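Read the structure below first, then the notes.
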Amino acid sequence: MSVVEGLVNQSPSQWRLCVAPMMDWTDRHCRYFHRLLTSRARLYTEMMTTGALLHGDVARHLDFDPVEQPVALQLGGSDPGDLAACARLGERWGYAEINLNCGCPSERVQRGAFGACLMAEPSLVADCVRAMRDAVAIPVTVKHRIGIDRIESYAFVRDFVGRVADGGCDVFIVHARNAWLHGISPKENRELPPLRHDVVVALKKDFPALAFVVNGGIRSADEIGQHLGAVDGVMVGRAAYHQPWDLAGWDERFFAAPSPAPSRDDVEDAMVDYMARLVAAGEPWSHASRHVLGLRNGQPGARRWRQVWSDARLKGEAPATVSRLARQALGSTAATDAGRLAGHAANTTPASASANAAACAVVNSSP
């Protein structure tokens with residue numbers, strides 16, 4: 001174990017490793033899947049607006065499986081009273097944390113006067129935090145950027161953190177790039193402007209009593225380990241979604257978990273059981289399967305496996321049936337690749353050939 005990882009395992013931070021809140025991605029089905037891969041990382045909901053919770057179907061927005069814990073509810077809003085009411089709902093539903101979004105740059109969010117534009121109003125953010133802290137006993141945290149538009153002065157984000165901390169926030173999740181509020185899309189703002197992770201390190205030095213979690217562009221376990229030597233936690237976003245199998249190594253490496261990671265087959269089996277429960281409750285299993293498509297990335301035959309799970313003609317089949325066909329495709333492709341490497345592809349076994357034919361018939365046949 002490296003010195004950095006040794007420091008990590010001694011850290012008491014509950015936010016040591018987190019999976020970022022991502023719109024349209026980190027719904028309850030995605031979080032259930034991620035929890036099968038890591039039992040220790042902190043999970044976050046998609047951003048939920050105060051309006052949706054106060055005037056919509058609360059159960060539909062807030063229900064989650066207890067296995068997802070620890071899971072945090074991220075709120076979007078700027079009215080202290082509304083946020084306090086929604087924080088109480090989140091606590092009543094069993095969430096482990098309430099997180100205020102001060103980082104989303106989308107124009108729709110700006111029209112609602114929340115998200116990244118709130119960084120220009122640190123006193124209002126402090127009032128929001130104070131109202132939520134007064135309303136609930138669970139932690140209230142803030143996720144924000146390091147600046148807005150062309151404001152790149154360190155003093156801007158330092159003063160924002162200091163003022164919000166006065167409102168009672170002691171955990172800050174920092175997406176280490178500016179939020180450009182005009183001229184680019186939210187998607188482009190995930191790549192522009194450049195990341196400045198050093199700003200988060202500087203914040204930790206200036207506010208040693210506060211906890212800082214760095215977010216933005218962090219992909220590998222080695223990168224996670226490097227950042228954990230300087231800050232209290234790391235939040236991973238798109239990399240966790242697109243390469244989910246990486247999460248399976250987190251518990252052992254960063255939490256000194258004694259139990260071995262599950263196999264990919266174990267995870268797929270568990271998701272098949274979960275999808276069967278969805279079907280029994282009247283919900284299409286595809287609502288969950290779309291989040292699982294990266295599970296086999298890096299394995300021979302992964303593309304064929306994904307094709308089977310994505311085939312619209314199979315939506316009426318039981319999840320167990322689709323899983324069986326997908327694994328047949330995966331196994332037959334792997335066997336074929338191994339045969340080619342060994343120079344004897346022509347000697348494919350009858351069982352392998354049969355599996356290949358069955359899976360290919362599903363994927364390639366006409367509707």
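For reference, positions follow the sequence shown, starting with 1. Nothing here was measured: the structure is a model prediction, and the numbers come from that model.
For P21, the side-chain contact (heavy atoms from CB on, under 4.5 Å) partners are Y44, Q74, K143, M235, not counting sequence neighbours. By the side-chain contact (heavy atoms from CB on, under 4.5 Å) test, P122 pairs with F160, R163, sequence neighbours left out. Residues that satisfy the ring-ring contact (aromatic ring centres under 6.0 Å, His included) test with H287, not counting sequence neighbours, are absent from this structure.
In terms of modelled atom types and a separation under 3.5 Å, the side chain of R177 and the main chain of P193 share a donor-acceptor contact. No donor-acceptor pair closer than 3.5 Å links the side chain of Y241 to the backbone N or O of C30.
A salt bridge between D265 and R296 is present, with a side-chain N of the basic residue lying under 4.0 Å from a carboxylate O of the acidic one. Taking the charged nitrogens against the carboxylate oxygens, D246 and R219 have no contact shorter than 4.0 Å, which rules out a salt bridge.
Inter-residue side-chain proximity for V142 and V129 is flagged as met; some heavy-atom pair is nearer than 4.5 Å. Between W250 and V236 there is a side-chain heavy-atom pair separated by less than 4.5 Å. You'll find the side chain of L75 stays beyond 4.5 Å of the side chain of M47, heavy atoms only.
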Result block: side-chain N/O donor-acceptor pairs under 3.5 angstrom for residues 272-280, not counting sequence neighbours:
unit_1 : atom_1 : unit_2 : atom_2 : d
Y274   : OH     : H29    : ND1    : 2.7
R277   : NH2    : Y32    : OH     : 3.0

Can you give the donor-acceptor pairs under 3.5 Å from side chains of residues 146-153 to other protein atoms, not counting sequence neighbours?
unit_1 : atom_1 : unit_2 : atom_2 : d
D149   : OD1    : L181   : N      : 2.9
S153   : OG     : A155   : N      : 3.1

Got a list of side-chain donor-acceptor pairs under 3.5 Å for residues 198-210, not counting sequence neighbours?
unit_1 : atom_1 : unit_2 : atom_2 : d
K204   : NZ     : P208   : O      : 3.1
K204   : NZ     : L210   : O      : 2.7
K204   : NZ     : D232   : OD1    : 3.3
K204   : NZ     : D232   : OD2    : 2.9
D206   : OD2    : Y154   : OH     : 2.7

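Under the 3.5 Å distance criterion, with hydrogens and angles disregarded, no donor-acceptor pair is assigned to the side chains of Q328 and W305.
For H227 and H197, the ring centers are positioned less than 6.0 Å apart.
Cluster annotation: L54 is not connected to V136 through the hydrophobic network of ILVMFWY side chains, with a link wherever side-chain heavy atoms come within less than 4.5 Å.
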